[in-house]
Peer 1: 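I have a structure I would like to understand better, so I am pasting it below and will then ask my questions one at a time.
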Amino acid sequence: MNASRLPVYFLSHGGGPWPYVESMRPMFARTAAEFAALPARLPSRPKAILAISGHWEAPDFTVSTAERPPMEYDYYGFPEHTYHISYPAPGAPALAARVKDLLSSSGLGVSEDAARGFDHGVFVPLSLMYPQADVPVVMLSLRSGYDAAEHIRAGQALAPLRDEGILIIGSGLTYHNMRGFGRDESTPVAEAFEAYLNRAISQKSAAARNDMLVHWENGPGARLAHPREDHLVPLMVVAGAAGEHTGRALFIDHAMKVPMASYEFGAAAA
């Protein structure tokens, strides 16, 4: 194993811009602590981060190319100050070009977007991991249609970045049903589906893992947990990039009466 190869992560990013809302911080206290501690788990400081958020989809896989990405306030009903948050991490056009080349070389259609900014699936975890905003960030969209196998294939194409000092992060949630948050009856549904995902990522065989993820709708309560799988599909990209590395639950937080699990591939357990 390459000792300098970076692990890959799927992070459940929580609800809205919660680190910036005082009343929400206690609900996500464990998530805050775990995200802040994550950089210390890495074998080296990343040269840049490639973030795949459940909040960006496009007709083709699309790469952000801005040198100074703006902000995307893609949430509603939060305090006014949360619409003025700034996370001024630089972009990385050279990395964006590398991502585009890797995807296109694998036969995947890929576009670029020079205007795309940081949505809360990106700036929430990164503001806790790297509060100085001093690690460059490139974003990659999901492809509309959410074909799980295709997103795994995209991750496989991007796997070489792990040996190039690039940290790959998928940002979503293991449960994302807006009508179910905060309801008692959602707890067993979310727990059962998270257990399925945990079994999937823990498979010793990458082929077995990927098969379970491609057929995620076979999981108990799958469509109750994800009526629309935008927040799940970033896990498929991460699994593809993980290669033969077995996954594990990094931590499981509990908020709004559902588990919110984050997974790690390719790092030794603490």
Side-chain angles (χ1 to χ4, degrees), residues 1-2 4-14 19 28 30-56 87 89 95 99 118-131 135-142 151-152 154-176 194 197-198 200-203 206 209-210 213 230-253 259-270:
M1 183 183 298
N2 185 341
S4 65
R5 178 175 296 160
L6 289 176
V8 290
Y9 291 89
F10 172 80
L11 302 179
S12 282
H13 60 242
F28 296 103
R30 182 171 184 189
T31 294
E34 294 282 358
F35 285 176
L38 196 154
R41 300 183 60 80
L42 305 179
S44 61
R45 179 180 171 84
K47 297 176 181 176
I49 293 168
L50 177 63
I52 304 98
S53 168
H55 290 275
W56 186 23
Y87 186 71
L95 172 58
V99 170
F118 298 139
D119 61 64
H120 73 273
V122 177
F123 73 74
V124 163
L126 295 189
S127 67
L128 294 161
M129 293 170 60
Y130 296 103
V135 179
V137 181
V138 167
M139 294 160 285
L140 174 67
S141 79
L142 305 176
H151 285 80
I152 289 172
Q156 292 167 336
L158 297 169
L161 296 175
R162 297 175 58 195
D163 292 318
E164 300 171 14
I166 307 304
L167 178 63
I168 300 173
I169 293 175
S171 178
L173 285 164
T174 49
Y175 175 95
H176 192 251
E194 194 285 317
L197 292 179
N198 208 318
I201 64 139
S202 302
Q203 295 294 311
R209 173 192 69 217
N210 294 343
L213 292 177
D230 49 329
H231 276 58
L232 178 62
V233 176
L235 175 58
M236 315 309 181
V237 182
V238 167
E244 295 299 323
H245 283 148
T246 300
R248 60 181 290 272
L250 179 63
F251 71 96
I252 303 176
D253 205 349
M260 297 185 177
S262 293
Y263 304 133
E264 175 182 64
F265 301 78

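Values below: every heavy atom of this structure, side chains too, minus hydrogens, waters and symmetry copies. Just so we're clear, the structure is a prediction, and the values are computed from it rather than from any experiment.
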Peer 1: Quick one, F35 with F251, criterion side-chain contact (heavy atoms from CB on, under 4.5 Å). Give me CA distance, side-chain angles, the key distance, then yes/no.
Peer 2: CA-CA 10 Å; F35 285 176; F251 71 96; 3.8 Å; yes
Peer 1: Closest approach of S12 and A261, non-hydrogen atoms and distance?
Peer 2: OG-O, 2.6 Å
Peer 1: Which heavy atom of G14 sits nearest to which heavy atom of F28, and what is that distance?
Peer 2: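 Heavy-atom minimum between the residues: CA-CE2, 3.7 Å.
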Peer 1: What orientation do Y87 and F118 show, parallel under 30°, tilted 30 to 60°, or perpendicular over 60°?
Peer 2: perpendicular
Peer 1: If you measure from the Lys or Arg side-chain nitrogens to the Asp or Glu carboxylate oxygens, is any gap between D163 and R5 under 4.0 Å?
Peer 2: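 Salt bridge flag = yes for R5 with D163.
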Peer 1: Name every donor-acceptor pair, under 3.5 Å, that has one atom in a side chain of residues 236-243 and the other anywhere in the protein, sequence neighbours excluded.
Peer 2:
none

Peer 1: Where is the tightest heavy-atom contact between L213 and A200, given as atom of each residue plus distance?
Peer 2: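 Looks like CD2-CB, 4.0 Å.
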Peer 1: Could you state the interatomic distance from OG (S171) to CD1 (I52), rounded to the nearest 0.5 Å?
Peer 2: 9.5 Å
Peer 1: Kindly indicate whether the side chain of D230, heavy atoms from C-beta on, has any atom under 4.5 Å from the side chain of H55.
Peer 2: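 No - every pair of side-chain heavy atoms lies 4.5 Å or more apart.
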Peer 1: Could you pull out all residues at least two apart from P259 that satisfy side-chain contact (heavy atoms from CB on, under 4.5 Å)?
Peer 2: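 Applying side-chain contact (heavy atoms from CB on, under 4.5 Å) to P259 gives A190, E191, E194, I252, H254.
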Peer 1: Answer whether the closest heavy-atom distance between the side chains of L50 and L158 falls below 4.5 Å.
Peer 2: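 They are in contact (side-chain heavy atoms under 4.5 Å apart), so the answer is yes.
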Peer 1: Would you please say whether a donor-acceptor pair under 3.5 Å links the side chains of R209 and H245?
Peer 2: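 There is no such pair (donor and acceptor under 3.5 Å, judged by atom type) between the side chains of R209 and H245.
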Peer 1: Looking only at heavy atoms, which two atoms of G54 and L142 are closest? And how far apart?
Peer 2: CA-CD1, 4.0 Å
Peer 1: At what distance, to the nearest 0.5 angstrom, does CG of L250 lie from CZ of R41?
Peer 2: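 If I round to the nearest 0.5 Å, the distance is 5.5 Å.
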Peer 1: Any heavy-atom pair between the side chains of V124 and P19 that's under 4.5 Å?
Peer 2: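 When only atoms from C-beta onward are counted, V124 and P19 do touch, with a gap below 4.5 Å.
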Peer 1: Check G121 against S53 and note the closest heavy-atom contact, atom names and distance.
Peer 2: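 Heavy-atom minimum between the residues: CA-OG, 3.7 Å.
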Peer 1: How many angstroms lie between CD in E264 and OH in Y9, if you round to the nearest 0.5 Å?
Peer 2: 3.5 Å
Peer 1: Hey, can you tell me if H231 and H176 have their rings parallel, tilted or perpendicular (30° and 60° cut-offs)?
Peer 2: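 Because their plane-to-plane angle is under 30°, the rings of H231 and H176 count as parallel.
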Peer 1: Rounded to the nearest 0.5 Å, what separation is found between the CD atom of Q203 and the CG atom of N198?
Peer 2: 10.5 Å
Peer 1: Between Q156 and N210, does a side-chain contact (heavy atoms from CB on, under 4.5 Å) hold up when you go through it step by step?
Peer 2: CA-CA 11 Å; Q156 292 167 336; N210 294 343; 3.9 Å; yes
Peer 1: Measure the shortest side-chain to side-chain distance between V138 and I49 over non-hydrogen atoms and say whether it is less than 4.5 angstrom.
Peer 2: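 A side-chain contact under 4.5 Å is absent here.
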Peer 1: Just so I know, are the side chains of F10 and S262 near enough to count as touching, which here means a heavy-atom distance under 4.5 Å?
Peer 2: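 F10 vs S262: side chains apart.
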Peer 1: Can you list everything that forms a side-chain hydrogen bond (donor to acceptor under 3.5 Å, both in side chains) with T174? Sequence neighbours excluded, please.
Peer 2: none
Peer 1: Just verifying a value: how many Å separate L128 CG and T31 OG1, rounded to the nearest 0.5 Å?
Peer 2: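 Interatomic distance, L128 CG to T31 OG1, rounded to 0.5 Å: 9.0 Å.
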Peer 1: Any side-chain heavy-atom pair from R248 and F265 closer than 4.5 angstrom?
Peer 2: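 The answer is no, as the side chains (C-beta and beyond) never meet within the 4.5 Å cut-off.
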Peer 1: What verdict does the side-chain contact (heavy atoms from CB on, under 4.5 Å) test give for K47 and E164, after you've listed the backbone C-alpha separation in whole Å, the side-chain angles of each residue and the deciding distance to 0.1 Å?
Peer 2: CA-CA 8 Å; K47 297 176 181 176; E164 300 171 14; 5.8 Å; no
Peer 1: Side-chain contact test, heavy atoms from C-beta onward, threshold under 4.5 Å: evaluate it for L161 versus L167 and give yes or no.
Peer 2: no
Peer 1: Got a second to check how far I152's CD1 is from L235's CG, nearest 0.5 Å?
Peer 2: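 I152 CD1 to L235 CG: 8.5 Å, rounded to 0.5 Å.
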Peer 1: What's the verdict on side-chain contact (heavy atoms from CB on, under 4.5 Å) for V135 and M129, showing C-alpha distance, side-chain angles and the deciding distance?
Peer 2: CA-CA 10 Å; V135 179; M129 293 170 60; over 6 Å; no
Peer 1: P46 versus I166: any side-chain heavy-atom pair under 4.5 Å?
Peer 2: no
Peer 1: Determine the minimum heavy-atom distance between V122 and A51, stating which atoms define it.
Peer 2: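 Answer, listing the atom of V122 first, then A51: CG2-CB, 4.1 Å.
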